[in-house]
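Worksheet: one structure, shown below.
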Amino acid sequence: MDEEIHERIRDMIKAIPRGRVATYGDIADLAKAPSPRLVGRILNEDGRDLPWQRVLKADGTCAPHLRETQLQLLHEEGVPNLDGKVNLRDHRWEDVRKDEAAEPPGLW
DNA sequence: TGGATGACTTACC
DNA sequence: AGGTAAGCCATCC
């Protein structure tokens, strides 16, 4: 059902930890959404109560109309950005989870 | 029914 | 590194 996806997408976004980010594609994947476009649409109409600032495009940039606000909020959360682009390698939610699970403790 | 649109992605050049 | 094109899914006209 569409409602299911809708809800799951919102839950996934809510689940993004502070100081971390995820791409639309990641959310779509985790929420089993058929397309990243759906994630964008959800945020557009129902993103008021969500940490929408933690959702970025695949290249680490954010949507044009939000750029200013987005970067500001992320910066306040402790997510640095370089000329409007966030380093996904260091702050991407999915990647970090994977690394933390696979990385031997104490290595870093 | 068919085409246009959007807080997207990937591939190619 | 930056531009274009095609694919993508739900919605609206």
Side-chain angles (χ1 to χ4, degrees):
Chain A
M1 327 262 285
D2 272 5
E3 303 294 331
E4 293 272 334
I5 304 289
H6 188 109
E7 215 170 308
R8 238 180 353 236
I9 289 177
R10 290 195 322 195
D11 284 344
M12 290 314 306
I13 296 175
K14 282 186 201 161
I16 303 174
R18 190 173 184 276
R20 298 276 167 76
V21 299
T23 68
Y24 292 89
D26 288 342
I27 301 299
D29 192 30
L30 292 169
K32 305 292 191 290
S35 161
R37 284 200 177 278
L38 205 36
V39 178
R41 198 175 70 78
I42 300 298
L43 278 168
N44 185 26
E45 21 181 83
D46 206 6
R48 293 162 289 281
D49 58 333
L50 300 174
W52 54 268
Q53 61 234 29
R54 295 172 193 155
V55 183
L56 306 177
K57 296 210 255 184
D59 57 0
T61 63
C62 44
H65 48 284
L66 299 168
R67 208 175 68 84
E68 309 280 333
T69 314
Q70 183 73 69
L71 296 175
Q72 167 96 24
L73 289 171
L74 284 178
H75 181 64
E76 289 177 6
E77 285 195 356
V79 180
N81 61 86
L82 194 55
D83 197 30
K85 294 159 203 130
V86 173
N87 185 336
L88 292 179
R89 269 254 304 197
D90 293 342
H91 297 93
R92 192 179 195 175
W93 185 33
E94 246 319 271
D95 278 2
V96 174
R97 294 168 84 201
K98 192 169 43 181
D99 285 351
E100 282 180 357
E103 203 72 38
L107 184 58
W108 63 305

Contact list for DNA chain C against residues 38-63 of chain A - heavy-atom distance below 4.0 Å: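 Correct list: A:Leu38, A:Arg41.
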
Every protein N/O lying under 3.5 Å from an N/O of nucleotides 1-5 of chain C:
none

Tell me, please, which residues at least two apart from A:Gln72 pass side-chain hydrogen bond (donor to acceptor under 3.5 Å, both in side chains).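 In terms of side-chain hydrogen bond (donor to acceptor under 3.5 Å, both in side chains), with neighbours along the sequence ignored, A:Gln72 is linked to A:Glu76.
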
For A:Arg48, which residues count as a side-chain hydrogen bond (donor to acceptor under 3.5 Å, both in side chains) partner, sequence neighbours excluded?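 Once residues adjacent in sequence are excluded, the partners of A:Arg48 under the side-chain hydrogen bond (donor to acceptor under 3.5 Å, both in side chains) criterion are A:Asp46.
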
If you look only at pairs with a residue in residues 79-88 of chain A, which of them pass as a side chain to side chain donor-acceptor pair (under 3.5 Å), with sequence neighbours excluded?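 For residues 79-88 of chain A: A:Asn87-A:Asp90.
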
Value in whole Å for how far the [atom2] atom of [N] lies from [atom1] of [X]:
| X | N | atom1 | atom2 | result |
| --- | --- | --- | --- | --- |
| A:Tyr24 | C:dC8 | OH | C1' | 16 Å |
| A:Asp29 | C:dC9 | CG | C1' | 16 Å |
| A:Glu4 | C:dA10 | CD | C1' | 17 Å |
| A:Ile16 | B:dA7 | CD1 | C1' | 13 Å |

Shortest non-hydrogen contact between A:Val79 and A:Val86, atoms and distance: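 Answer, listing the atom of A:Val79 first, then A:Val86: CG1-CG1, 3.8 Å.
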
Can you give me the closest heavy-atom contact between A:Trp52 and A:Gly47, atom names plus distance?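 Smallest interatomic distance, heavy atoms only, reads CD1-O, 3.3 Å.
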
What pairs meet the salt bridge (charged side-chain N to carboxylate O under 4.0 Å, His left out) rule with one or both residues in residues 58-71 of chain A, with sequence neighbours excluded?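 Those involving residues 58-71 of chain A do not exist here.
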
Does any pair with a residue in residues 24-36 of chain A pass salt bridge (charged side-chain N to carboxylate O under 4.0 Å, His left out), and if so which ones, sequence neighbours excluded?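 Residue pairs with at least one partner in residues 24-36 of chain A: A:Asp26-A:Arg92.
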
Work out how far the P atom of C:dA5 is from that of B:dA4, and round it to whole angstrom.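 Looking at atom P only, C:dA5 and B:dA4 are 16 Å apart.
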
Pairwise P distance, B:dA7 and C:dA6 [rounded to whole Å]: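 Looking at atom P only, C:dA6 and B:dA7 are 22 Å apart.
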
Heavy-atom contacts under 4.0 Å between residues 64-81 of chain A and DNA chain B, which residues?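 Listed by number, they are A:His65, A:Leu66.
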
Can you list everything that forms a side-chain contact (heavy atoms from CB on, under 4.5 Å) with A:Pro34? Sequence neighbours excluded, please.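 A:Ile5, A:Leu38.
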
With sequence neighbours excluded, what pairs up with A:Ile42 under the side-chain contact (heavy atoms from CB on, under 4.5 Å) test?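 A:Ile42 satisfies side-chain contact (heavy atoms from CB on, under 4.5 Å) with A:His6, A:Ile9, A:Arg10 only.
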
Donor-acceptor contact below 3.5 Å, side chain A:Arg8 vs main chain A:Ala31: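 Such a contact is found between A:Arg8 side chain and A:Ala31 backbone.
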
Test of understanding: with salt bridge (Lys or Arg N to Asp or Glu O under 4.0 Å), list the residues that count as partners of A:Glu7, not counting sequence neighbours.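 By the salt bridge (Lys or Arg N to Asp or Glu O under 4.0 Å) rule, A:Glu7 matches no residue at all.
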
